[in-house]
Colleague: 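Pasting a structure below so you can have a look.
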Amino acid sequence: MDRPFTFINSAMSADGKISTKERKQVRISGDVDFDRMDELRATSDAIMVGIGTVLADDPSLTVKSEARRAARKNKGADENPVRIVIDSKGRTPLDADIFIKGEGKRVVAVSGSAPADKVEELQQKALVIRTGDDQVDLCALMKELNSMGIKRLMVEGGATLNWAMLSNGLVDEVYSFVGNLLIGGASAPTLVDGSGFAESDILSLELMSMEKMDEGVLLKWAVINTG
Ligand SMILES: NC(=O)C1=CN([C@@H]2O[C@H](COP(=O)(O)OP(=O)(O)OC[C@H]3O[C@@H](n4cnc5c(N)ncnc54)[C@H](O)[C@@H]3O)[C@@H](O)[C@H]2O)C=CC1
Ligand SMILES: Nc1nc(O)c(N)c(N[C@@H]2O[C@H](COP(=O)(O)O)[C@@H](O)[C@H]2O)n1
């Protein structure tokens with residue numbers, strides 16, 4: 001496989017929403033699930049999010065546990081995995097938390113449509129990888145990440161990036177914490193948005209495990225027929 005092993009980790013409400021219709025972040029996970037997410041971050045080579053998530057949440061994507069950061073350091077790795085933003089037009093704010101908080105490498109993946117002056121500014125903060133004309137070419141990017149030594153990639157959303165990765169056959173497993181709340185709203189982001197699959201292309205999943213966690217349930221799925 002010339003791309004990293006890739007999994008999506010997400011938290012959704014019982015009605016499948018990952019934030020509100022205003023794209024306002026909601027605490028869906030409980031403490032146990034947040035700690036599980038932190039362990040996943042600490043054991044991944046890289047974490048990827050879409051620009052929509054950076055603009056909505058301004059996440060730092062750092063490993064929160066000091067012990068886990070120290071364990072990574074002991075193995076000769078940076079305290080935090082490589083943090084990657086999928087950002088075709090180079091819209092990542094220069095003062096985004098992923099640039100400010102925590103040590104470690106950052107990658108901003110842009111396309112040919114990103115303005116040259118913004119790309120130059122982003123290059124002061126991150127390795128900028130350019131693929132695709134109008135949108136990031138995720139397949140080409142994944143090959144490049146693989147050749148950089150990224151073998152285990154955690155995708156933390158949002159809804160549009162999840163769709164793009166899944167519909168390009170780039171995801172091996174999906175971990176979804178289902179919390180005990182209903183968010184509602186036809187326009188609220190769900191685990192997978194985008195344009196949706198045609199009936200003949202709908203993806204099948206195999207249930208790997210289910211576990212009661214906090215006040216919800218953690219479902220782990222393997223994606224069948226991934227590329
Ligand atoms: N509950 C959870 O676990 C999580 C929830 N979220 C929520 O998700 C929402 C953000 O989701 P979205 O708005 O869907 O944004 P997103 O984070 O999925 O980013 C999508 C954007 O990425 C860019 N992009 C660049 N290249 C692309 C490509 N090749 N294919 C597709 N997109 C490409 C496009 O500008 C696109 O609009 C926020 O409300 C956030 O709070 C985000 C992460 C986790
Ligand atoms: N696993 C999970 N559970 C929830 O309830 C959530 N709201 C999220 N959100 C994700 O966490 C990111 C914040 O990361 P930092 O704390 O800033 O490192 C946020 O952007 C979502 O990706 N996740």
Colleague: Tell me, do Glu79 and Glu103 make a side-chain contact under 4.5 Å, heavy atoms counted?
Modeller: yes

Colleague: For Asp35, is there an ion pair with Arg68 - N to carboxylate O distance below 4.0 angstrom?
Modeller: yes

Colleague: With ring-ring contact (aromatic ring centres under 6.0 Å, His included) as the rule and sequence neighbours excluded, what pairs involving residues 56-108 come up?
Modeller: none

Colleague: Take Leu205 and Ile224 through the side-chain contact (heavy atoms from CB on, under 4.5 Å) test and state the conclusion after the steps.
Modeller: CA-CA 6 Å; Leu205 304 175; Ile224 314 239; 5.5 Å; no

Colleague: Output, in order, the C-alpha distance, side-chain angles, deciding distance and verdict of ring pair (Phe, Tyr, Trp, His ring centres under 6.0 Å) for Trp221 and Phe7.
Modeller: CA-CA 10 Å; Trp221 304 95; Phe7 61 92; over 10 Å; no

Colleague: So Met154 and Met37, do their side chains get closer than 4.5 Å, heavy atoms only?
Modeller: yes

Colleague: Output the distance between atom CG (Asp137) and atom CG (Asn168), rounded to the nearest 0.5 Å.
Modeller: 8.0 Å

Colleague: Any ion pair linking Lys73 and Asp78 (charged N to carboxylate O, less than 4.0 Å)?
Modeller: no

Colleague: Tell me if the CD atom of Glu22 is crowded by more than 12 foreign heavy atoms within 6.0 Å.
Modeller: yes

Colleague: Which residues satisfy the side chain to side chain donor-acceptor pair (under 3.5 Å) test with Arg91, sequence neighbours excluded?
Modeller: none

Colleague: May I ask whether Leu40 and Val174 are part of the same hydrophobic cluster, defined by side-chain heavy atoms of I, L, V, M, F, W, Y residues being less than 4.5 angstrom apart, directly or through others?
Modeller: no

Colleague: Quiz question: by atom type and distance under 3.5 Å, do the side chains of Lys17 and Ser19 form a donor-acceptor pair?
Modeller: no

Colleague: Check whether any side-chain heavy atom of Ile150 lies under 4.5 Å from a side-chain heavy atom of Ser44, and answer yes or no.
Modeller: no

Colleague: Are side-chain heavy atoms of Val155 and Thr6 found at a separation under 4.5 Å?
Modeller: yes

Colleague: Which side-chain N or O atoms in residues 175-188 pair as donor and acceptor under 3.5 Å with protein atoms at least two apart or in another chain?
Modeller:
unit_1 : atom_1 : unit_2 : atom_2 : d
Tyr175 : OH     : Glu173 : OE1    : 2.5

Colleague: With heavy-atom distances below 4.5 Å as the criterion, would you say the side chains of Lys64 and Thr62 are in contact?
Modeller: yes

Colleague: Pair Leu145, Arg3 - check side-chain contact (heavy atoms from CB on, under 4.5 Å), show working.
Modeller: CA-CA 7 Å; Leu145 296 178; Arg3 63 167 177 82; over 6 Å; no

Colleague: More than 12 heavy atoms of other residues, nucleotides or ligands under 6.0 Å from NZ of Lys75: yes or no?
Modeller: no

Colleague: Check for me, please, whether Leu219 and Met213 land in the same ILVMFWY cluster - side-chain distances under 4.5 Å, paths through other members count.
Modeller: no

Colleague: I'd like to know if Asp33 and Arg36 make a salt bridge, using a cut-off of under 4.0 Å between side-chain N and carboxylate O.
Modeller: yes

Colleague: Kindly indicate whether the side chain of Leu153, heavy atoms from C-beta on, has any atom under 4.5 Å from the side chain of Met48.
Modeller: yes

Colleague: Can you see whether Thr160 engages Asp193 through a side-chain donor-acceptor pair at a distance of less than 3.5 angstrom?
Modeller: no

Colleague: Which value, rounded to the nearest 0.5 Å, describes the distance between Cys139 atom SG and Leu170 atom CG?
Modeller: 4.5 Å

Colleague: Heavy atoms only: give me the nearest Leu61-Arg83 pair and the separation to one decimal.
Modeller: O-CD, 3.5 Å

Colleague: Considering all heavy atoms of both residues, which atom of Ile98 and which atom of Pro59 are nearest to each other, and what is their separation?
Modeller: CG2-O, 3.1 Å

Colleague: Taking all atoms of both residues into account, what is the closest heavy-atom pair of Ile84 and Ala46, and its distance?
Modeller: CD1-CB, 3.7 Å

Colleague: What is the minimum heavy-atom distance between Gly157 and Thr53, and which atoms define it?
Modeller: C-OG1, 3.7 Å

Colleague: If you define the side chain from C-beta out and look only at heavy atoms, does anything of Val136 sit under 4.5 Å from Arg130?
Modeller: no

Colleague: Between Arg27 and Ser29, what is the shortest heavy-atom contact and its length?
Modeller: NE-O, 3.3 Å

Colleague: Val26 versus Thr20: any side-chain heavy-atom pair under 4.5 Å?
Modeller: yes

Colleague: So Glu156 and Arg41, salt bridge (charged side-chain N to carboxylate O under 4.0 Å, His left out) or not? Walk me through it.
Modeller: CA-CA 10 Å; Glu156 273 200 45; Arg41 285 183 179 180; 2.7 Å; yes

Colleague: Using 0.5 Å steps for rounding, measure from the CD1 atom of Ile100 to the NZ atom of Lys125.
Modeller: 7.0 Å

